[in-house]
Amino acid sequence: MKDIKTKIAKKLAGSIEQLSWTEIMDNLEYPPEPHMGDLALPCFKLSRVMRKSPMAIADSLVDSLDIDVVERCESKSGYLNIFINREYLVNNVLKTIVEKKEETGKSNEYAGKTVCLDYSAPNIAKPFHIGHLRSTVIGHAIRRLHEFRGYKCVGINHLGDWGTQFGKLIVAYKKWSSKKAVEEKGTEELVRIYVKFHEEAEKDPSLNDLARQWFARLENKDEDAMELWKWFKKISLIDIEKTYKVLDITFDSYAGESFYYDKTQPVVERLKERNLLIESDGAMIVNLEEYNMPPCLIVKSDGASLYASRDIAAAIYRKETYDFDKCIYVTATAQDLHFRQWFKVVELMGYEWAKNLIHVGFGMVSMGGAKLATREGNIVYLDDLFSEASKRVLDIINEKNPDMEDKEQKAQDIGVGAVVFSDLSNNRIKDIDFSWEEALNFDGSTGPYVQYTYARACSVLRKSELSEKDINMKDIKPEHMTNDDEFTLLKTLSLFNEKIDQALRDLEPSCISRYLIDVCMDFNKFYNAHSILGAEDNKKFRILLTAAVKYVLANGLFIIGLKRTERV
RNA sequence: GAGCCAGUAGCUCAGCUGGAUAGAGCAACGGACUUCUAAUCCGUAGGUCGGGGGUUCGAAUCCCUUCUGGCUCGCCA
């Protein structure tokens, strides 16, 4: 639809001297009702500059669009309503999708640009829970969106692999665990002894001192401590990788907190050089009063680095290593102030690229109105959620299609898809109150609905004796589009590129999720009302239309990280 | 106390760079499987867009104010 808008805007610019074609393009909108046309130009704003009534302007423009993309125009109470030429839609939109196939929706607009994306960042030695899922799937979808516009993407998993918890873990391991137990049970055993440590420390606070000592040894690169830390990390990563495999998510770098904790000295030096660092209660801070923010803490009173200084060090490292054009951080909105603070500090340090640091926030996940908290047991582990969802899907498969091949894998693809989709279907800023009932609902606007529709389209194409490859576009005639269901579907398909642009502009994956629902609704309506393989004169057209649906859904599913289910 | 974010149908939400009669899904009710996958489709019902002002030809959308909820505010990340 983008090129259609462009053509219309350029043509209209010839009749409207006061506005450039891009301004006209921005004013073009989609009318609420089909009888109002396919595109519309409201003429109210023009009224002032042209010193004519909106009605008169619309009237005067009615005959100006004598171009191939436009069928006809109507002037209706101040709007210029434009009806798209259906022949053009068939010969261009349909043709483009069918020809681009797997490339549908992709462009090289930003080829040569690099974006770093910091997302997921789980804590080592702790299991993934539903609160960690959002950063992971939102970040991944935003990465795909950039890839679809030609960006080189660097996915960075800033692991939480450093901190006093490792001192605790070492103490706990030495007291209550064994090499054998950890190797056999993995993260589960690490969690068990970590929880036990907290229980015991309640009774015996000296355990905390011991833990601090061990962490200090770790920071001093003590051999024993380092070896255990590396081992815990390795064990833990094995489980984390399993989750990423299920989600089909990969990273280009796992450089996390442990990588940066001792790289903050140059940051401190540079801040000192610029006289930005002041001492306050023994700590070193950057005053941000001038920018209406509380001070940013750079060095603790004991001389250790902090979150902010490590983030700054990491940003500088990434700029030097990847020379990014943008660096995106996907974390909860609760960290908003923190990011605004250290982005400002980077700017004050004189790095002009500070303006390319972007925080993408998302709402928090709660359950039953309460925060997720391991200690209170108010927690849902991702593994449990995935396996429960997969089990429910398997029940449905056994009921409807018991002979399906490879049904455990399919059930997992769809169960996990349901969870991921529901996380991506609302605007990311919204808080989520998790409920099992909602997460395991497979009706309506859900992942399974999209995957089912995709499988349905694939199934039709599979059963057709005419392959889409055997159909020549020259055999497709505009009169083959015989009803509004086909027309509406084709118009919706034509919006894919605009939706990707919009999702990328707003860094908002839900834009794609909702669009996929639109495509599915239009296709299912069409499918239910008209026979595709049983069609007479326009069978070829309907097969190509179905193929186009398949390509758009396939790439849409890919962007939001759902498996493409050819059969369900 | 200050700052940021949110408030739209019973529930979950879309629409927010101002545009035509505010849209979906879930739940409820009534229909459609001898027919390409009924995890689908069609229909019915459901609204003082938190309240109040203002700007405008036009406000769910922008501004002010107020209420409610969430998050954040120096040595966690």
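All chains are named by letter (A, B, ...) in the order of the sequence lines, taking the proteins before the strands, and each is independently numbered beginning at 1. No hydrogens, no waters, no symmetry mates; every other heavy atom, side chains included, goes into these values.
An OP1 or OP2 oxygen of B:G15 is reached within less than 4.0 angstrom by no side-chain nitrogen or oxygen of A:Y30.
Residue-level contact check: A:E438 touches the backbone only, with heavy atoms under 4.0 Å from sugar-phosphate atoms and none from bases. Nucleic acid contact class of A:S77 (heavy atoms, under 4.0 Å, all strands): none. Among the heavy atoms of the strands lying under 4.0 Å from A:A455 is at least one base atom, whether or not backbone atoms are also near. Residue contacts for A:I532: at a heavy-atom cut-off of 4.0 Å it reaches a base atom on one of the strands shown. Within 4.0 Å of A:I397, counting heavy atoms only, lies at least one base atom of the nucleic acid. Within the 4.0 angstrom heavy-atom criterion, base atoms lie near A:A40. Using a 4.0 Å heavy-atom criterion, one finds that A:P54 contacts no nucleic acid atom at all.
Judged by distance alone, with hydrogens and angles left aside, A:R462 brings no side-chain donor or acceptor close enough to the base of B:U37 to form a pair under 3.5 Å. Side-chain N/O atoms of A:N81 and base N/O atoms of B:A20 include a donor-acceptor pair closer than 3.5 Å.
Base pairing of B:C16: no nucleotide in any strand meets the Watson-Crick or G-U wobble criterion (both distances under 3.5 Å). Nucleotide B:G3 forms a Watson-Crick or G-U wobble pair with B:C71, both donor-acceptor distances falling under 3.5 Å.
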Inset, instruction - Carefully, step by step, assess A:N441 and A:R392 under the rule side-chain hydrogen bond (donor to acceptor under 3.5 Å, both in side chains). - result: CA-CA 10 Å; A:N441 171 33; A:R392 298 263 188 120; over 6 Å; no
Inset, instruction - Determine, stepwise, if the pair A:Y449 / A:N524 fulfils side-chain hydrogen bond (donor to acceptor under 3.5 Å, both in side chains). - result: CA-CA 10 Å; A:Y449 176 69; A:N524 282 323; 3.2 Å; yes
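Base orientation at B:G74 is syn, since its O4'-C1' glycosidic dihedral falls within 90° of 0.
Nucleotides B:A32 and B:G23 are separated by 29 Å at their P atoms, to the nearest Å. Separation of the P atoms belonging to B:G74 and B:C62 is 31 Å when rounded to the nearest angstrom.
Considering only side-chain atoms of A:P32, the nucleotide from B:A20, B:C36, B:C5 that sits closest is B:A20.
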Legend entry - Footprint string (nucleotides 69-77 of chain B, 5' to 3'): B base within contact, S backbone only, - free, heavy atoms under 4.0 Å: -SSSSBBSB
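For the pair A:R505 and A:V568, nearest-nucleotide mapping onto RNA chain B gives the more 5' position to A:R505.
Here the CG atom belonging to A:L507 is positioned 5.0 Å from the CD1 atom belonging to A:I328, to the nearest 0.5 angstrom.
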